[in-house]
Amino acid sequence: MKKFLKNLAGSFVPAFEKGIFEIRFSFKRLTVRILVHDFVSVASSIGFVILPAFLIGFIFLLLPQGRDTLLLVVENLSTFNFWPIFFLLLGIAAWSMVSELSVRYAIYISDNSGKNLSDDRVAWRKTVQKLLAAAFLLWPSFIVLVSMFWCMLSATYMDKVPRFLCFGTCFILIYWLMSFLSNQYFRKSGKASAGVYLKTKLGERSLPDHEQQYLRKLYGIYQDFIYTLPKASSFQKGYKEDLQRFTDYFTKSTEGFAEGFPQNPDVLIETRIVPAEFNLIDRKKLFKGRGELYKWTYQIPASFYNGLHRQIKSFAGVSFLLFLLISLIPGLWPVFAWIGAPALICFAFACYTGIYTGLLYLDKSLLRKWKISVRFLLFMVLVACSFYNQDHPVRMADHKTDKRESVVDHFNRWFISYKADMDKQKGDHQKKYPVVFICAEGGALRTGAYTSLFLSSLSAKLEKEKNVDFKKSIFAMSGVSGGAVGLGLYNALTFENQAQIPSSVSVELAKKFFQHDTLSPIIGKMLFGDFLNLFLPIHVNLFDRSIALEKAWEQSYQSLIDKNQENIFSRSFASGKIKPNQPLFVINTAEVETGLQCWVSNLMPDSLAFKNQRDLLAEKVNDLNYSTAINFSTRFPLFSPAAKVGGLNGNPRLHYLDGGYVENTGSASMLEVLQLLKSKSAYFNQITPIVITLLFSEEDKTVPNIRFGNEFVEILNALTHTRSGNSKISRFRIKQFLNEGSIGFAIDEPLTAKEKSVPMNWVLSAQSMNNITRDIEDKLNNTSETGIMTKLLKNNLNFLQNKVVE
């Protein structure tokens with residue numbers, strides 16, 4: 001039992017004990033001010049390692065999206081899919097090892113405090129170096145372990161036994177990895193002797209003894225090494241004569257003896273001799289220089305640190321090759337899903353750190369005489385390529401979209417058919433015909449899944465319990481970002497698909513679609529391929545993360561249908577005349593150069609403010625894939641970059657971002673549609689417009705109270721809250737429009753599940769999907785006056801029945 005506990009603890013206990021002892025020793029000899037100053041001084045040299053470490057802590061601990069991706073790893077384990085946990089362990093190990101080496105190397109090359117500080121301060125800085133290296137070695141494992149524990153406490157959908165079994169397996173594996181790494185870096189083997197350090201398998205103590213000796217001097221390993229002796233003139237008369245005889249011994253000897261004095265094994269003992277590999281420079285100034293010292297200045301050749309350099313070249317080389325390998329993986333391959341987003345993040349930060357350490361090695365060691373560093377040259381390449389690179393050009397055909405029907409013409413055709421069916425069903429003419437307009441707010445897959453599931457579930461419930469064919473009453477849908485994705489899927493399954501898919505089946509298909517991992521391809525391309533694209537003068541589609549997202553949607557939709565069925569997401573968005581019962585579908589996007597909210601729509605608006613500028617398919621954009629059209633509204637950096645259009649043949653170069661930058665609910669566009677129909681369609685006075693707005697959360701009525709960093713926070717809040725203000729005003733104006741003359745009414749349906757339990761992400765765990773489903777069920781089962789079923793099934797509203805009576 002004792003041996004088991006010892007193995008379980010690994011090298012943590014002895015490592016911590018030694019660390020605490022060294023800290024206490026320094027606190028006894030130095031003031032707090034000096035301790036803090038030296039700690040910050042040492043830590044500041046490793047900023048390029050601290051930043052990724054901070055980011056992974058932020059992602060996995062503070063962001064619900066990060067925790068949800070870790071929850072997916074556990075869910076995969078529960079279905080015996082071991083790939084995500086396997087790659088996560090590999091990613092943690094890779095990043096841990098690279099971070100430890102990078103921390104040590106950065107301090108080695110920058111800290112030369114050993115030349116001018118007291119022994120106590122040098123000892124403290126060495127302690128800080130060891131503490132930081134050890135901390136960054138174990139940090140990734142620790143963060144993932146804590147985050148997974150948090151996930152376990154919040155997991156509610158799994159039974160107790162499977163939950164504890166799956167999470168317990170992950171805890172054991174991650175702790176085993178921490179213990180394994182700790183043993184390789186901290187557990188020493190062999191016997192110590194004078195001047196000989198105990199060995200470890202990895203880390204500083206795995207290096208040759210002579211390297212360890214000079215790495216620990218804190219002299220700055222690539223700076224010149226200076227060996228000094230005081231001249232006789234520095235001493236009082238009684239000692240001056242004795243010292244003069246000593247200095248005459250080498251100053252008046254042969255030139256070879258004088259120059260080689262500090263490296264002569266016959267003169268100096270082993271621990272004080274200058275290594276023979278050091279090269280003496282400035283020979284002429286050896287005895288002629290000013291001052292009261294004799295100075296031998298040596299250049300340390302790179303070959304002296306062969307062991308350290310071998311480690312750096314190995315880690316940097318593997319990091320670069322791994323970076324290229326992952327960059328070249330096509331987004332359609334299932335490799336990214338096997339690896340998983342958490343592991344990809346760890347691999348990316350490991351590669352960045354390893355490559356940057358390799359660049360440091362080039363600048364500080366191999367090319368130290370260059371006046372311009374390789375890192376600066378790469379920065380200049382980055383700036384130059386940003387000018388020539390075509391950003392992220394939109395995938396589109398060489399031809400324009402087929403001529404689209406106008407909104408008013410299609411509404412007239414749609415309403416005549418709808419009215420005829422209603423009249424045939426009722427046997428007489430009605431005074432008013434209910435027509436539904438859907439708005440869907442942005443919020444990644446959170447509102448995407450909510451929108452599609454809500455509409456499908458509402459249709460299924462109305463069909464089953466009231467025999468109402470709800471979908472036939474929908475004329476227009478306006479979506480932003482994730483809401484556009486949800487409406488896009490609902491539109492594809494319900495209206496575009498040639499097969500008649502029952503609403504109850506659509507619910508299950510929507511769940512399957514939104515549980516498809518579209519996050520991993522984005523992460524893989526964003527952190528690898530698209531990062532490489534920044535340093536290329538031409539754009540490579542293989543590296544583009546927005547294209548990877550579109551193809552992931554296409555692949556996800558393909559998994560829902562038979563092989564012989566048409567994949568709506570990979571076909572043209574607006575080709576030919578749409579079906580008579582098909583609704584208007586408006587995808588909202590924001591034009592960067594003008595700040596205008598623009599449309600990608602399957603119908604042509606009859607009149608629209610700045611019509612030719614805002615209706616993108618009219619002039620600016622050629623024929624698009626269905627997935628590409630939707631992606632115009634889901635480009636919220638940094639996950640998906642701005643879409644680039646034009647820039648060739650004299651056309652202006654324009655960029656489009658997430659529609660939520662201007663207004664996040666689609667209400668502004670829907671208001672324009674309603675106003676257009678009222679002014680131009682003779683049938684508008686025969687309808688009761690019902691506007692259903694699906695929101696990603698309940699309205700936050702708290703007002704931020706700015707009290708800190710006023711001038712900066714004021715600007716930031718103004719920028720971030722402007723879209724919320726626009727959304728609020730647009731929704732109010734729709735209600736105001738409907739209330740004039742009581743022509744219709746609006747229904748707001750916010751997702752009321754706790755925001756943190758359903759993160760805004762591009763992949764949803766089973767738990768998040770269950771939370772959304774439960775929230776929808778609660779809404780549809782609400783029989784009070786505030787429930788949507790009660791509002792829709794008013795006595796004065798008659799909907800089309802599921803089967804038209806002959």
Side-chain angles (χ1 to χ4, degrees), residues 65 68-69 72 75-76 79 331-332 334 336-337 341 438 440 442-460 471 477 479-522 546 548-563 565-571 573 585 587 625-631 633-634 639-640 694 696 751 758-776:
Q65 293 91 332
D68 209 47
T69 57
L72 277 169
E75 290 178 1
N76 281 310
T79 59
L332 285 176
F336 290 122
I438 308 290
L445 288 197
R446 176 165 139 198
T447 46
Y450 176 61
T451 297
S452 186
L453 285 171
F454 186 94
L455 295 175
S456 298
S457 300
L458 177 61
S459 298
K471 60 182 178 292
M477 301 186 296
V480 178
S481 194
V485 180
L487 291 177
L489 178 64
Y490 181 73
N491 182 58
L493 292 174
T494 306
F495 300 105
E496 295 273 10
N497 201 302
Q498 296 297 329
Q500 295 295 317
I501 301 176
S503 297
S504 57
V505 176
S506 294
V507 173
E508 299 307 315
L509 293 179
K511 288 181 182 178
K512 185 177 179 182
F513 180 90
F514 287 107
Q515 285 188 285
H516 183 86
D517 187 358
T518 56
L519 176 65
S520 294
I522 298 175
S546 59
L549 176 60
E550 293 165 15
K551 290 186 175 180
W553 287 336
E554 294 170 10
Q555 191 177 47
S556 180
Y557 187 81
Q558 185 65 55
S559 69
L560 308 181
I561 60 176
D562 296 332
K563 291 183 179 179
Q565 288 184 338
E566 182 182 31
N567 188 330
I568 306 299
F569 271 70
S570 59
R571 75 162 203 201
F573 173 68
F585 182 21
I587 299 166
N625 274 7
Y626 193 89
S627 62
T628 306
I630 292 173
N631 199 21
S633 189
T634 61
F639 276 106
S640 192
L694 304 175
F696 78 85
L751 179 63
V758 185
M760 289 186 288
N761 208 351
W762 285 119
V763 63
L764 295 175
S765 65
Q767 175 167 295
S768 293
M769 189 64 72
N770 286 346
N771 288 333
I772 293 174
T773 303
R774 192 181 305 113
D775 183 70
I776 292 172

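Judged by distance alone, the side chains of N631 and T634 do bring a donor and an acceptor atom under 3.5 Å apart.
A donor-acceptor pair under 3.5 Å is absent between the side-chain atoms of S520 and the main chain of D517, judged by distance alone. With hydrogens and angles ignored, the 3.5 Å screen pairs no side-chain donor or acceptor of D775 with any backbone N or O of N771.
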Would H516 and Q555 satisfy side-chain contact (heavy atoms from CB on, under 4.5 Å), going step by step from the backbone distance to the final call? CA-CA 9 Å; H516 183 86; Q555 191 177 47; 3.9 Å; yes

Step-by-step side-chain contact (heavy atoms from CB on, under 4.5 Å) determination, N497 to Y557: CA-CA 11 Å; N497 201 302; Y557 187 81; 3.1 Å; yes

side-chain contact (heavy atoms from CB on, under 4.5 Å) evaluation trace for L694 with L455: CA-CA 10 Å; L694 304 175; L455 295 175; 4.2 Å; yes

Trace of the side-chain contact (heavy atoms from CB on, under 4.5 Å) decision for N625 with E550: CA-CA 9 Å; N625 274 7; E550 293 165 15; 6.0 Å; no

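In this structure, Q558 and N567 approach most closely via the heavy-atom pair OE1-ND2, 3.1 Å. Considering every non-hydrogen atom in both G442 and S481, the closest pair reads CA-CB, 3.7 Å. Between W553 and T518, the closest heavy-atom pair is CD1-CG2, 3.9 Å.
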Using atom types as modelled, flag every donor-acceptor pair under 3.5 Å from a side chain in residues 502-512 to any protein atom, sequence neighbours excluded.
residue: S503; atom: OG; partner: E463; partner atom: OE2; Å: 3.1
residue: S506; atom: OG; partner: P502; partner atom: O; Å: 3.3
residue: K512; atom: NZ; partner: S559; partner atom: O; Å: 3.0

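Among the candidates S452, S456, S556, the single residue satisfying the side-chain contact (heavy atoms from CB on, under 4.5 Å) test with L489 is S452.
Under the ring pair (Phe, Tyr, Trp, His ring centres under 6.0 Å) criterion, F573 pairs with Y626, sequence neighbours left out. The side-chain hydrogen bond (donor to acceptor under 3.5 Å, both in side chains) search around Y490 returns S459, not counting sequence neighbours.
Taken from CG in L453 to OG1 in T773, the straight-line distance is 5.5 Å, to the nearest 0.5 Å. Remark: F454 CZ to I776 CD1 distance equals 7.0 Å, nearest 0.5 Å. Once rounded to the nearest 0.5 Å, the distance linking CD of Q498 with CD1 of I501 reads 10.5 Å. Here T451 contributes atom OG1 and R446 contributes atom CZ; the two are 11.5 Å apart, rounded to the nearest 0.5 Å. For the atom pair CG of L493 and CG of L560, the computed distance is 6.5 Å after rounding to the nearest 0.5 Å. For the atom pair T69 OG1 and E75 CD, the distance stands at 11.0 Å (nearest 0.5 Å).
Annotation: side chain of F569 is in contact with side chain of I630 (closest heavy-atom distance under 4.5 Å). In this structure, the side chains of V485 and F513 come closer than 4.5 Å at one or more pairs of heavy atoms.
Annotation: K471, atom NZ; neighbour count of heavy atoms from other residues, nucleotides and ligands within 6.0 Å is above 12.
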